[in-house]
Protein chains: 2
Amino acid sequence: MMTQTRRHRPASPKQASTCCGPIDDLLNPELFKALCDPTRAKLLGCLAKCGRACSVSEVAECCSVDFSVVSRHLQLLERAGILVSSREGRTVSYAVKYGHLCQALRGLADALEQCCPADQAAECAGGCCAKR
Amino acid sequence: MMTQTRRHRPASPKQASTCCGPIDDLLNPELFKALCDPTRAKLLGCLAKCGRACSVSEVAECCSVDFSVVSRHLQLLERAGILVSSREGRTVSYAVKYGHLCQALRGLADALEQCCPADQAAECAGGCCAKR
DNA sequence: GCTATATTTGCATGATGACGCAAACACGCA
DNA sequence: TGCGTGTTTGCGTCATCATGCAAATATAGC
């Protein structure tokens, strides 16, 4: 399997499929599977805005779905590496792994930018250090 | 509906659910729904690495699924704002909207960082200008 | 118009997933 | 040990979705 470099670009999608770059690992369906459900997105949003570890009961209050459903969603988000759980007595709390999630998102953006042809690079660059 | 600021943080997830911040729009399930399928992820990866507009037939060669399936996946990715299509004669080509996708990903990362409590900010910051 | 090529659409099927309810489990406390 | 609270798990159901095949559509060239 070839490795893609900025200079060496595959001529066709077929060739690209045998040419592995950083984007292949970062375009991880498991992560996005966790984010693609509206209920989970809402739960994650509430947890993120809250900025601290919250118990399952607390989180369930921000959503109209059943308690058990919330529990399952939080488990799934944890398995995806988005949340981390901690237990204290009978209470289980979940907190956002900000760092991990930010890195995954920025990593993918960076990898895309690497692939982006020069003539479109301007619109792609979003970082504060983006070159004009 | 209240607007979240860095200073004013919701005390509970329930309160957070009535408190809208930038993360609410950026945590868009539609975008992630498009990225959560392994076949679509592969197609997008190939298109991205290729760095140019590719016809449906070309893209189909990098994947073992049926032709019609590829066509449908590409349509879905376009509706999600990830690809853009152009027609030339009987050939339809799709290209990655690098800029749009990068902005969506970085925007979400930035919004998460905004939510991230100060004591975790270091691990969250991933930009080249990140403050230590 | 006719034909070949490129793509899309209709339809059936099998798999996956979200959901609610009830039961089970874990733990603190009397 | 028994009870109450917080959470997880088992299970059935309904909806969504990925897939392949066949038919339909669009377009270029004869």
Side-chain angles (χ1 to χ4, degrees), chain A residues 12-14 17 27-47 50 52-95, chain B residues 12-14 17 27-47 50 52-95:
Chain A
S12 67
K14 186 188 175 81
S17 71
L27 215 43
N28 172 18
E30 293 313 311
L31 171 67
F32 300 118
K33 215 171 277 185
L35 298 173
C36 76
D37 178 71
T39 305
R40 274 195 296 274
K42 173 150 195 183
L43 295 176
L44 175 58
C46 289
L47 267 168
C50 221
R52 60 170 176 84
C54 300
S55 72
V56 179
S57 320
E58 270 186 314
V59 179
E61 280 179 30
C62 76
C63 221
S64 61
V65 298
D66 193 83
F67 205 82
S68 64
V69 172
V70 173
S71 171
R72 263 189 270 255
H73 279 315
L74 296 176
Q75 281 174 31
L76 194 153
L77 286 165
E78 183 180 25
R79 278 197 297 273
I82 297 173
L83 301 181
V84 59
S85 69
S86 58
R87 177 170 218 121
E88 187 158 356
R90 347 165 229 206
T91 306
V92 176
S93 294
Y94 285 89
Chain B
S12 67
K14 185 187 177 79
S17 71
L27 216 42
N28 172 19
E30 295 311 312
L31 172 67
F32 300 118
K33 214 172 275 182
L35 299 173
C36 77
D37 179 71
T39 305
R40 274 196 296 274
K42 175 152 194 181
L43 296 177
L44 174 59
C46 288
L47 267 168
C50 219
R52 60 170 176 84
C54 299
S55 72
V56 180
S57 319
E58 271 184 313
V59 179
E61 280 179 30
C62 77
C63 221
S64 61
V65 297
D66 193 80
F67 204 82
S68 63
V69 173
V70 173
S71 172
R72 263 188 269 255
H73 279 316
L74 295 176
Q75 282 174 29
L76 194 153
L77 285 166
E78 184 180 25
R79 279 197 297 274
I82 297 172
L83 302 181
V84 59
S85 70
S86 58
R87 175 168 220 124
E88 188 158 356
R90 356 170 221 203
T91 306
V92 176
S93 293
Y94 286 88

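The shown structure was predicted, so the numbers you read here are calculated from the model rather than taken from an experiment. In the text below, chain A, chain B and the rest are named by the order of the sequence lines, each starting its count at 1.
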Qualifying residue for side chain to side chain contact (heavy atoms under 4.5 Å, CB included) with B:L74, from B:V92, B:L44, B:L47: B:L47

Please report the closest heavy-atom contact between [X] and [Y], naming both atoms and the distance.
| X | Y | result |
| --- | --- | --- |
| A:S17 | A:K14 | OG-O, 2.6 Å |
| A:S55 | A:T91 | CB-CG2, 3.4 Å |
| B:L31 | B:A80 | CD1-O, 4.4 Å |

side-chain contact (heavy atoms from CB on, under 4.5 Å) between B:C54 and B:S93, intermediate numbers included: CA-CA 5 Å; B:C54 299; B:S93 293; 5.9 Å; no

Test item: B:F32 and A:K33 side chains (from C-beta on) under 4.5 Å apart, heavy atoms: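 A side-chain contact under 4.5 Å is absent here.
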
Check: A:E78 side chain, A:S85 main-chain N or O, donor-acceptor pair, under 3.5 Å: yes

Short side-chain to backbone donor-acceptor contact, B:R40 and B:V70, under 3.5 Å: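 Checking the backbone N and O of B:V70 against the side chain of B:R40, no donor-acceptor pair under 3.5 Å is found.
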
Using the 3.5 Å cut-off, write out each protein N or O paired with an N or O of nucleotides 1-5 of chain D and the distance between them.
{"from": "D:dG4", "atom 1": "N2", "to": "A:R90", "atom 2": "NH1", "distance (Å)": "2.7"}

Short side-chain N/O contact from B:H73 to OP1 or OP2 of D:dT19, under 4.0 Å: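 So the side-chain polar atoms of B:H73 do come within 4.0 Å of the phosphate oxygens OP1 or OP2 of D:dT19, strictly under.
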
Residue closer to the 5' end of DNA chain C, A:E88 versus A:L76 (nearest nucleotide): A:L76

Pull out every protein N or O sitting under 3.5 Å from an N or O of nucleotides 8-14 of chain D, one pair per line with the distance.
{"from": "D:dT8", "atom 1": "OP2", "to": "A:S71", "atom 2": "OG", "distance (Å)": "2.4"}
{"from": "D:dT9", "atom 1": "OP2", "to": "A:Q75", "atom 2": "OE1", "distance (Å)": "3.4"}
{"from": "D:dT9", "atom 1": "OP2", "to": "A:Q75", "atom 2": "NE2", "distance (Å)": "3.3"}
{"from": "D:dG10", "atom 1": "O6", "to": "A:R72", "atom 2": "NH2", "distance (Å)": "2.6"}

Euclidean distance, atom [atom1] of residue [X] to atom [atom2] of [N] [Å, nearest integer]:
| X | N | atom1 | atom2 | value |
| --- | --- | --- | --- | --- |
| B:E58 | C:dT5 | CD | P | 17 Å |
| A:K42 | C:dA18 | NZ | C1' | 16 Å |
| B:L77 | D:dC17 | CG | P | 14 Å |
| A:L74 | D:dG6 | CG | P | 16 Å |

